[in-house]
Amino acid sequence: MLQIYNTLSRQKEFFRPIHEGHVGLYVCGPTVYGDAHLGHARPAITFDVLYRYLMQLGYKVRYVRNITDVGHLEHDADEGEDKIAKKARLEQLEPMEVVQYYTNRYHRDMEALNVLPPSIEPHASGHIIEQINFVQKILDKGYAYVSEGSVYMDVEKYAKDFPYGKLSGRNLEQIKTETRELDGQAEKKHSYDFALWKKASPEHIMHWPSPWSEGFPGWHMECSTMGTKYLGEEFDIHGGGMDLMFPHHEAEIAQSCAALGHDTVHYWMHNNMITIAGKKMGKSYHNFITLEQFFKGEHELLTKPFSPMTIRFFILMAHYRSTVDFSSSALEAAEKGFARMQETYGRLMKIQPAETTSVEVAGLRERCQEAMDDDLNTPIVLQHLFDSAKAINTIADGKGTIAAKDLEELRSVWKTYAMDVLGLRLEETAGVDTNTEAYKKAIDLLLNLRLEAKQNKDWATSDKIRNELTSLGFAIKDTKDGFEWSL
RNA sequence: GGUCGGUUGCCCGAGUGGUUAGGGACCGGUCUGCAAAACCGGGGACAGCGGUUCGAAUCUGCUACCGACCUCCA
């Protein structure tokens with residue numbers, strides 16, 4: 001039975017959905033004002049694996065992952081200005097043009113990483129009315145106040161009735177002493193009150209009418225609003241990066257409890273950070289590498305380009321709650337490991353069944369499931385797959401045999417766990433058009449000629465064919481009864 | 001300063017009171033016309049000092065170092 005680590009209780013809990021057979025899953029998506037970097041790939045892949053595994057377990061999953069295109073206040077010189085709007089003016093574009101541009105690029109990167117699209121991908125800008133209604137509900141309950149056209153959460157009042165800070169392990173007293181005084185906050189009662197609605201300054205270009213002012217929603221509002229709109233007042237799982245725990249998720253809990261009077265989320269899941277030289281990769285650290293840079297190898301820290309599947313494999317090699325440190329050498333190791341897995345899969349598909357099974361293949365499916373059930377322990381799943389890779393290669397080498405039934409099961413487990421659950425593309429996904437078919441046959445023809453030359457012990461011809469192909473970028477491997485090649 | 005987490009072999013990274021993690025690198029072997037691949041074997045590890053225990057990398061205390069959050073952040 002699936003166990004997941006719940007940040008609320010700080011321990012692994014058995015997963016029990018609210019509605020039998022159905023799971024509601026909400027994950028904080030990207031703010032589309034820049035290209036996605038390696039850090040963005042972590043939650044995307046982590047929760048993609050969760051989504052895939054829940055479906056594998058037979059659940060009907062509604063997966064909501066938002067696009068944040070309004071509502072992120074900046075706290076530097078451009079106090080109160082919306083991030084999207086700032087970038088838009090900088091580049092002389094319409095705000096929604098920027099949003100569309102980076103959303104398209106995000107989708108492209110996610111598809112390359114084989115991250116499935118969510119069931120619903122709502123935009124914050126498309127839910128302004130719902131957010132206004134949500135703010136009004138909190139006002140009606142008396143947990144917020146209007147000041148100078150903005151609406152703020154009355155954290156002190158809220159904390160009297162609800163445990164503010166329970167997710168991040170803080171209490172109001174701590175928060176009071178910790179919260180930094182920022183400029184231009186005179187209109188708030190307390191520095192730790194956060195904005196539910198923010199009045200737009202005159203030069204601000206992204207704003208909407210509301211009962212309080214021409215303005216825009218506060219930066220935690222969208223998740224409370226869209227989560228409950230699409231998944232209900234109570235839903236199963238909310239995911240996101242650990243760095244969002246405070247204040248974002250804490251504020252989200254407060255907003256929902258204030259408006260609805262009860263908790264919304266049953267299981268909070270947080271993925272850990274990707275670090276670079278031990279430091280969190282992030283925009284403000286100026287140490288991030290975009291996914292596109294990885295795919296193209298265009299970054300000073302990269303020795304070469306890395307394929308999207310290498311990135312995915314690299315991320316799955318570590319447990320999602322551990323930090324994972326990026327380095328080019330670690331990626332190269334992942335690349336080789338993934339290549340090995342791919343080759344093994346290719347051999348698995350070609351193996352011919354025998355009368356009996358001489359290798360150890362039993363129990364693989366159960367071991368993989370056990371690992372996934374243990375809070376999505378993907379490194380252990382990979383370990384089991386690599387263990388079975390040895391058996392597969394032994395058979396492919398002609399040093400072992402496998403019965404038809406066992407072979408079928410082995411293929412099924414690989415397909416289920418490596419491809420469907422972990423989302424690794426082990427087959428060449430290049431379209432099978434006539435061009436590539438013809439070209440493949442041409443290579444086969446050349447290699448068959450080489451085989452003949454070898455049989456005639458014409459090493460000169462044999463080596464010429466192999467060396468020429470190698471220099472063109474092909475990898476030629478001789479096998480027991482022929483050859484294998486790849487580009 | 002507060003809260004939380006981490007420190008595992010050459011590298012990346014699982015694990016968890018006694019039994020091989022896995023991948024990469026490296027060394028030796030098998031196979032092979034050569035090469036590659038594959039397979040077999042190998043060395044090496046649990047930050048330091050105490051405690052609990054028959055037994056601790058695993059539980060506990062302290063020390064050291066590192067990081068995350070406390071501000072936008074995946």
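When reading the values below, keep in mind they use all heavy atoms of this one structure, side chains included, and skip hydrogens, waters and symmetry mates. Just so we're on the same page: letters track the sequence lines, and every chain starts at 1. Small disclaimer: the values here were computed from a predicted structure and weren't measured.
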* Asked: Around A/Lys176, counting heavy atoms of other residues, nucleotides and ligands shown, do more than 12 lie under 6.0 Å from its NZ?
  ->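 Enclosed: over 12 neighbouring heavy atoms sit under 6.0 Å from NZ of A/Lys176.
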On the nucleotide [N], are OP1 or OP2 found under 4.0 Å from the side-chain N or O atoms that [X] carries?
X	N	result
A/Tyr106	B/A74	no
A/Thr31	B/A74	yes
A/Lys279	B/C66	no
A/Thr323	B/A68	no
A/Lys336	B/G23	no
A/Arg10	B/U3	no
A/Lys390	B/G22	no
A/Asn393	B/C39	yes

Among the candidates [options], find the nucleotide nearest to the side-chain atoms of [X].
X	options	result
A/Gln174	B/G2, B/G22, B/A74	B/G2
A/Ala333	B/G13, B/A38, B/G23	B/G23
A/Ser462	B/G15, B/G33, B/C69	B/G33
A/Arg340	B/G22, B/C34, B/G24	B/G24
A/Trp459	B/A37, B/A68, B/G33	B/G33
A/Asp243	B/A38, B/C73, B/A21	B/C73
A/Asp463	B/A37, B/G33, B/C12	B/G33
A/Pro247	B/C34, B/A74, B/C70	B/C70
A/Asp325	B/G13, B/A14, B/C72	B/G13
A/Ser284	B/G22, B/C69, B/C72	B/C72

Base paired to [N] (Watson-Crick or G-U; both N/O distances under 3.5 angstrom):
N	answer
B/A47	B/U63
B/G1	B/C70
B/U20	none

Integer-rounded Å distance: [N] [atom2] and [X] [atom1]:
X	N	atom1	atom2	answer
A/Arg42	B/A68	CZ	P	15 Å
A/Phe246	B/G5	CZ	C1'	18 Å
A/Lys454	B/A35	NZ	P	13 Å
A/Arg170	B/A68	CZ	P	14 Å
A/Tyr320	B/A14	OH	P	13 Å
A/Met341	B/G24	CE	C1'	14 Å
A/Leu167	B/C69	CG	P	15 Å
A/Leu385	B/A14	CG	P	17 Å

Contact class for [X] (heavy atom, under 4.0 Å): base, sugar-phosphate, or nothing?
X	value
A/Leu331	nothing
A/His319	sugar-phosphate
A/Tyr285	sugar-phosphate
A/Gly39	base
A/Met273	base
A/Arg466	base
A/Val27	nothing

Does a side-chain N-to-carboxylate-O contact under 4.0 Å join [X] and [Y]?
X	Y	value
A/Arg105	A/Asp35	yes
A/Glu335	A/Lys304	yes
A/Asp463	A/Lys454	no
A/Glu332	A/Lys336	no

Distance between the [atom1] atoms of [N] and [M], in whole angstroms?
N	M	atom1	answer
B/U32	B/A37	C1'	11 Å
B/G61	B/U52	P	15 Å
B/G24	B/G5	C1'	27 Å
B/U7	B/C49	C1'	16 Å
B/G6	B/G17	P	15 Å
B/G48	B/C65	C1'	11 Å
B/A45	B/G22	C1'	15 Å
B/G9	B/C4	C1'	28 Å

* Asked: Considering all heavy atoms of both residues, which atom of A/Glu187 and which atom of A/Ser150 are nearest to each other, and what is their separation?
  ->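 In this case the closest contact between A/Glu187 and A/Ser150 is OE2-OG, 3.6 Å.
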Does [X] get its side chain close enough to the base of [N], under 3.5 Å, for a donor-acceptor pair?
X	N	value
A/Asp387	B/A21	no
A/Lys399	B/C31	no
A/Ser329	B/G24	no

* Asked: Is there a side-chain contact between A/Tyr164 and A/Asn171, using heavy atoms and a 4.5 Å cut-off?
  ->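 Contact flag for A/Tyr164/A/Asn171 side chains = no.
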* Asked: Could you state the interatomic distance from CZ (A/Phe194) to CG (A/Asp154), rounded to the nearest 0.5 Å?
  ->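 Separation between the atoms: 10.5 Å.
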* Along RNA chain B (nearest heavy atom to each residue), the more 5'-positioned of A/Met245 and A/Glu484 ->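 The residue closer to the strand's 5' end, by nearest nucleotide, is A/Glu484.
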* To do: Find which nucleotide of RNA chain B each of A/Leu382 and A/Thr479 is nearest to by heavy atoms, and output the residue with the more 5' nucleotide.
  =>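 Between the two, 5'-proximity favours A/Leu382.
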* To do: Measure from the side-chain N and O atoms of A/Ser224 to the backbone N and O of A/Met221, and report whether any donor-acceptor pair falls under 3.5 Å.
  =>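 No; zero donor-acceptor contacts below 3.5 Å.
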* Asked: Given the side-chain rings of A/His270 and A/His249, with only the six-membered ring counted for Trp, is the space between their centroids under 6.0 Å?
  ->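 Yes, close enough.
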